[in-house]
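Below is one structure, written out as structure tokens; comments come after it.
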Amino acid sequence: MMVFATLTIILVLLLIIASIIYKGLPALSWDMISQTPKGGYYFGKGGGILNAIIGSVYLSFGATFLALIVGLPVALYMNVFLVKHKKTVHALRFILDILWGIPSIVYGALGFIFMIWLGLKTSLLAGIITVTILIIPIMIRSMDEALKFVPRGLFESALSLGSTRSEISFKVFLRQCIPGIITAILLSFGRAIGDAAAVLFTTGYTDNIQGSLSHPAATLPLAIFFQLGSPVPEVKERAYASAMVLIMIILIISIAARIFSQKYYKDKIKF
Amino acid sequence: MKYINRHWKDKANSTWMLVCTGIIIVLPFVLIIGLYLKSALLFEKCSFIDLIFSKEWKPWENKFGFAPFIICSLWVSILALLLSAPVCLLTAIYLTHYAKSRVLKIMQPVIDILAGIPSVIYGVWGILVIVPFVAKLGNFFGIHTTGYTILSGALVLSVMIIPFILNVLIEILRTIPEELSEASLSLGATKWETIKYVIIKKAFTGIISAFGLGLSRAFGETIAVLMVVGNVVKIPQGVFDAGYPLPALIANNYGEMLSIPMYDSALMMAALILLVIVILFNTASRMYIYRLEKYR
């Protein structure tokens, strides 16, 4: 019975991937991923989804980078500066867990409010900021999970050798936890590239390849969503093909995260 | 000189870190206040109780009743939880108490990948597999349906929340001290009896909290549900009815909402309701989990 339940989960995952590949592979062609939509694309004429792939990559890189700038210090601060204040750390973890649980559509709505408030139009920048806010809690919590297991003795010996706390953060803790941190970054990147609800309000959609931060950008999840809503069968097939592209990106990221974390594991000081 | 240099570096770094931490602490309050300010317009016009319990959704006549959406969201999420809870619990018990560590090594990536698949992909999968399946199932029971129903939404959601519930459950079952099950086994209880009367009993609040987290995750899920649930505004009568959950309402109408201020504020209020419900669920569940971890 329990084995059966476990097998069900594995089977469901295989079923998802298999059904997407089964439907997506016949519709996938080189044109699909190397061209932008041409005139009449949404009625079944030629073109591809390069605009969405590029837009998604820009968006996720931007958001992951911004989230790293804000997130890494917080994760280090929690584990290096606040070692004595256990209660504060617990409260912070609590807040982050709550933020992690907030649905992305709410972040999307908030991003929309700020966009209107600042007088911006739907643009890549607004999308990047919204997605950054969305992935910050995920990134910090995953880094925190890695940093939390750095032994106290390492912290104390670095301190007794005369290093300042920020030196401990960046030269000891960061080094020690590189695999965990890379995994956290890749995890957030995957979340950023796959999220549709947060970019729905803020990033807009365009058929052109991204030129500047203040223009709307196409994203892969929205491309799938819009194409699937079309009544034309060819366009629907393309939606399946786009879904396959997206799932491949996610799988590659997931495998890369595993390889990285094993490769850098060797550099760790062991106790 | 060297010392001063290092000292300033440290100061600059720690200030930067403190500012970032401050941003994180302020963020939830910004979320709530921002959404509240936007929906204040609606609060002035209608009373809160009316909005929640009214069944009339006619934005053009300024009638905003959230009842159909909230009830539909509850249907979908609770149904999803009922479907995935037994599977998750059994798997978690199997992985923590029966399986060899090799099996766990296989399962970990499976769980991670399930958690990493974007919701749009789940939506596509739902349309490809679940919707035709539900349509057939409906015909089998003699109900005519297109397949775009609450049940389809719940089925897709039940798969989506598996990784979240499973991860928390595994963590919780690991916090149960080994001595407890050893004591039970030494008294002559079988392994299954030990699990049933000792481990499940000890972890009961934790298991409920894990389900609570899964429920709140299901409640907020947007795109995947929106794609399969049918989007018809009415209070659902059965699982083969189409529905219109709260997040789908926000996502579907963002384009029109700018034209009418009241509509705009109604949608923001929908987001606020969603936020408050999710935060309440999350807080309650996390509280229990933290308490459990403290006794470890």
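Proteins come first, then strands; the chains are lettered A, B, ... in the order of their sequence lines, and each starts at number 1.
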Structural part of B/Asp112 lying under 4.5 Å from a heavy atom of chain A: side chain
Taking all heavy atoms of A/Val89 and all of A/Met78, pick out the closest pair and write down the distance. CG2-O, 3.5 Å
Enumerate the side-chain hydrogen bond (donor to acceptor under 3.5 Å, both in side chains) contacts for residues 4-15 of chain A, please, sequence neighbours excluded, ordered by first and then second residue. none
Heavy-atom pairs under 4.5 Å with chain A - which of B/Ser119, B/Gly220, B/Cys20 has more of them than the others? B/Cys20
What class does the angle between the rings of B/Trp125 and B/Tyr122 fall in, given that below 30° is parallel, 30 to 60° is tilted and above 60° is perpendicular? perpendicular
Could you look at B/Pro109 and say if it's the side chain, the backbone, both or neither that has a heavy atom under 4.5 Å from chain A? both
Return the orientation label for the A/Tyr77 and A/Phe81 ring planes: parallel under 30°, perpendicular over 60°, tilted otherwise. parallel
At a 4.5 Å cut-off on heavy atoms, which part of B/Ile162 comes close to chain A: side chain, backbone, both, or neither? side chain
Between B/Lys11 and chain A, with a heavy-atom cut-off of 4.5 Å, which part of the residue counts as in contact: side chain, backbone, both or neither? neither
Contacts of residues 193-200 of chain A with chain B (heavy atom under 4.5 Å): A/Gly194, A/Ala196, A/Ala197, A/Leu200
What residue, out of B/Ile127, B/Thr222, B/Ile23, B/Leu272, has the most heavy-atom pairs lying under 4.5 Å from chain A? B/Thr222
Between B/Val129 and chain A, with a heavy-atom cut-off of 4.5 Å, which part of the residue counts as in contact: side chain, backbone, both or neither? side chain
Quick one, B/Ile250 and B/Leu274 - any side-chain contact, counting heavy atoms below 4.5 Å? yes
Give, as side chain, backbone, both or neither, the part of A/Ser19 having an atom under 4.5 angstrom from any heavy atom of chain B. both
Engaged part of B/Val159 at the chain A interface, taking heavy atoms whose separation is under 4.5 Å: side chain
Taking the basic N atoms (NZ, or NE/NH1/NH2) and the acidic carboxylate oxygens, is any pair closer than 4.0 Å for A/Glu167 and B/Arg6? yes
What class does the angle between the rings of A/Phe170 and B/Trp16 fall in, given that below 30° is parallel, 30 to 60° is tilted and above 60° is perpendicular? parallel
Against chain B, label A/Leu96 side chain, backbone, both or neither, depending on which of its atoms sit under 4.5 Å from a heavy atom there. side chain
Ion pair check, A/Arg141 and A/Asp97, cut-off under 4.0 Å: yes
Part of B/Ala115 within contact of chain A (heavy atom distance under 4.5 Å): backbone
Structural part of B/Phe281 lying under 4.5 Å from a heavy atom of chain A: neither
Where does B/Leu128 contact chain A at under 4.5 Å (heavy atoms): side chain, backbone, both or neither? side chain
B/Leu89 versus chain A, heavy atoms under 4.5 Å apart: side chain, backbone, both or neither? neither
Please look at B/Val19 and chain A and tell me whether the side chain, the backbone, both or neither of the residue comes under 4.5 angstrom of a heavy atom of that chain. neither
